[in-house]
Amino acid sequence: MKTVTLIVPCYNEKDVLPMFYREVSAVLEKCTDYAFTFLFVNDGSRDTTLLILRSLAEMDTRVKYISLSRNFGKESAMLAGMKYARTDYVGILDADLQHSPELIPDMLAALDSGFDIAAARRVDRSGESKIKSAFSRGFYKVINKLSDVDIAEGAQDYRMMKRKVVEAILSMPEYNRFSKGIFSWVGFKTKWFEHVNRERAAGTTKWSFRKLSHYALDGIIGFSTAPLKFSLYVGVLASVCGFLYALYTIIKTLIIGTDVPGYPSIISAIFIFGGLILVCLGVIGEYISRIYLEVKKRPVFIIDETNIQTDEIKE
Ligand code: UDP
Ligand code: MG
């Protein structure tokens, strides 16, 4: 019998967790060929999520939980789950039931039939604001152009993986974890499942526009050095233009002499080039700030409490 862990990152999900547990358990009942473990990762929730997890664990021995010492973000929560999962297959899904559990049996069947990863891809974006969709589509275009990984548009974190894929992901020690990029970077044979987005069953989204744009920037910087080259090109282009313009002015002065002293052009040149320099410095700064965090080698998450036995834990 194959063993399967379902990792569920939870941040303030008290409203939806009981419903989630009921619905997923109902689906799992139909998959009699596998032994399941729930692995809830409480990502520093401020509500009663942890109490709910404790009582679920008391009721059902399949329920394991890890509670982090504060909110480390979904990326860290997923990593914590993967580190502690010991099973043949490992799956990740959101607590809010947006990732329909009905897909689980088909995903497991895909792994059995030889695929290493079964992942969900969202095909429609209804129920999402137009601006958010446009930004999201733009982001996929940019990151696929600039980086050497190929991220499928609408790829979600909802997926089932074989053990070896999880080992590969854990072997990437980076601090700035952009899972969509990491999942794609490790490769392996993937089967995509088209998935229609559901409304969140209860509670509210934890991703503000600000958080999402940080996430996008992390993705681009984590998986591409193109912006660094971009600033180099812009710098070169700007200096060539400046040089040509100077040459033109000298020649023009020698031939026809000066007309009106050119304050406006000087001022605008200062602004343009000053701006370009600041842009380039900013790009470099973004990379350096990430290098700074990487060299500190801080842990990606800290565990406060768990019901997993210590001898099951490997470092
Ligand atoms: N989540 C988390 N830590 C965070 C933010 C979110 O563990 O800092 C979890 C959250 O509990 C949910 C999943 O990540 O299970 C997806 O979050 P959400 O549904 O808020 O995102 P959306 O579906 O709106 O993109
Ligand atoms: Mg959601």
Side-chain angles (χ1 to χ4, degrees), residues 5-18 20-21 24 37-87 90-96 99 157-158 166-167 169-183 200 202-208 210-215 217-219 222 289-315:
T5 301
L6 297 177
I7 299 170
V8 189
C10 311
Y11 177 50
N12 297 343
E13 300 289 10
K14 74 170 167 51
D15 294 328
V16 78
L17 268 178
F20 172 88
Y21 173 77
V24 177
T37 308
F38 285 97
L39 179 48
F40 292 97
V41 184
N42 172 32
D43 185 16
S45 301
R46 284 172 219 276
D47 61 3
T48 51
T49 297
L50 180 58
L51 299 181
I52 295 173
L53 293 182
R54 282 197 199 121
S55 64
L56 283 179
E58 248 165 53
M59 257 168 44
D60 182 345
T61 51
R62 295 177 305 174
V63 173
K64 303 281 175 204
Y65 65 85
I66 299 172
S67 182
L68 305 184
S69 60
R70 63 169 172 86
N71 178 241
F72 281 91
K74 185 185 177 190
E75 301 289 316
S76 309
M78 289 193 292
L79 181 75
M82 284 188 273
K83 234 180 184 160
Y84 285 69
R86 281 300 103 73
T87 47
V90 176
I92 303 177
L93 71 166
D94 284 0
D96 57 9
H99 296 165
D157 295 334
Y158 182 21
V166 177
E167 298 291 343
I169 291 169
L170 292 178
S171 75
M172 296 173 76
E174 53 222 80
Y175 179 82
N176 291 293
R177 299 193 75 85
F178 176 68
S179 296
K180 283 188 170 52
I182 291 177
F183 288 151
R200 196 176 226 287
T204 52
T205 176
K206 312 296 176 305
W207 291 85
S208 59
R210 203 179 119 249
K211 254 184 156 177
L212 273 176
S213 37
H214 276 291
Y215 179 70
L217 195 65
D218 266 341
S289 68
R290 260 105 182 144
I291 297 171
Y292 179 59
L293 287 172
E294 293 293 345
V295 296
K296 283 199 206 185
K297 293 219 185 313
R298 283 185 181 158
V300 177
F301 59 88
I302 293 170
I303 294 177
D304 175 28
E305 178 190 326
T306 172
N307 68 338
I308 302 175
Q309 304 298 318
T310 34
D311 56 334
E312 293 176 62
I313 295 169
K314 81 162 183 226
E315 255 329 294

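Heavy atoms only: backbone and side chains are in, while hydrogens, waters and symmetry mates are out.
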**Report entry** Student check: side-chain heavy atoms of Phe72 and Val300 closer than 4.5 Å
**Finding:** no

Query raised in the report: Is there a side-chain contact between Met172 and Leu79, using heavy atoms and a 4.5 Å cut-off?
Result: no

Query raised in the report: Is there side-chain contact between Tyr84 and Thr306, with at least one heavy-atom pair below 4.5 Å?
Result: no

Query raised in the report: Atom CZ of Arg86 and atom CD1 of Ile308: how far apart are they, to the nearest 0.5 Å?
Result: 8.0 Å

Query raised in the report: Looking at CZ of Arg177 and CD1 of Ile182, how far apart are the two atoms once the value is rounded to the nearest 0.5 Å?
Result: 4.0 Å

Query raised in the report: Minimum heavy-atom separation for Ala95 to Pro9, with atom names?
Result: CB-O, 3.9 Å

Report summary line: Residues Tyr175 and Arg298: closest non-hydrogen pair is CD1-O, 3.6 Å

Report task. Would you check if the side chain of Asp60 reaches a backbone N or O of Arg62 as a donor-acceptor pair within less than 3.5 Å? Result -> yes

Requested in this report: Determine the interplanar angle of the Phe38 and Phe20 rings, folded into 0 to 90°, and report it as parallel if under 30°, tilted if 30 to 60°, perpendicular if over 60°.
Outcome: perpendicular

Requested in this report: For residues Ser67 and Leu53, determine if any side-chain heavy atom of one lies less than 4.5 Å from a side-chain heavy atom of the other.
Outcome: no

Query raised in the report: When Leu17 is tested against each of Thr48, Asp47, Asn42, Ile52 for side chain to side chain contact (heavy atoms under 4.5 Å, CB included), which residue passes?
Result: Ile52

Query raised in the report: Any side-chain heavy-atom pair from Val41 and Phe301 closer than 4.5 angstrom?
Result: no

Query raised in the report: Looking at residues at least two apart in the chain, or sitting in another chain, which of them share a ring pair (Phe, Tyr, Trp, His ring centres under 6.0 Å) with Phe183?
Result: none

Requested in this report: State whether a side-chain donor-acceptor pair under 3.5 Å links Thr49 with Glu13.
Outcome: no

**Report entry** Separation of Met78 CE from Asp94 CG (nearest 0.5 Å)
**Finding:** 8.5 Å

Report summary line: Correct closest heavy-atom pair for Leu39 and Gly81 would be CD2-O, 3.4 Å

Query raised in the report: Which heavy atom in Lys64 sits nearest to a heavy atom in Thr37, and how many Å separate them?
Result: CG-CG2, 3.6 Å

Query - Straight-line distance of Glu75 CD to Asp43 CG, nearest 0.5 Å - result: 10.5 Å

Query raised in the report: Is any NZ, NE, NH1 or NH2 atom of the basic residue among Asp218 and Arg290 found under 4.0 Å from an Asp or Glu carboxylate oxygen of the other?
Result: yes

Query - Side chain proximity check, Glu305 to Arg54, heavy atoms < 4.5 angstrom - result: yes

Report task. Under the side chain to side chain contact (heavy atoms under 4.5 Å, CB included) rule, what do Tyr65 and Leu56 come out as? Steps first, then yes or no, please. Result -> CA-CA 9 Å; Tyr65 65 85; Leu56 283 179; over 6 Å; no

Query - CA sep, side-chain torsions, deciding dist, call: Phe40, Val63, side chain to side chain contact (heavy atoms under 4.5 Å, CB included) - result: CA-CA 8 Å; Phe40 292 97; Val63 173; 3.8 Å; yes

Query raised in the report: Roughly how far, to the nearest 0.5 Å, is SG of Cys10 from CD1 of Ile66?
Result: 11.0 Å

Query raised in the report: Are Tyr11 and Lys74 close enough that some pair of their side-chain heavy atoms sits under 4.5 Å apart?
Result: no

Query raised in the report: If every non-hydrogen atom of Ala80 is compared with every non-hydrogen atom of Leu68, which pair is closest and at what distance?
Result: CB-CD2, 4.3 Å

Query - For Asp157 against Ser179, the heavy-atom pair lying closest together - result: OD1-CB, 4.4 Å

Query raised in the report: Can you find a pair of side-chain heavy atoms, one from Arg46 and one from Asn12, that are under 4.5 Å apart?
Result: yes

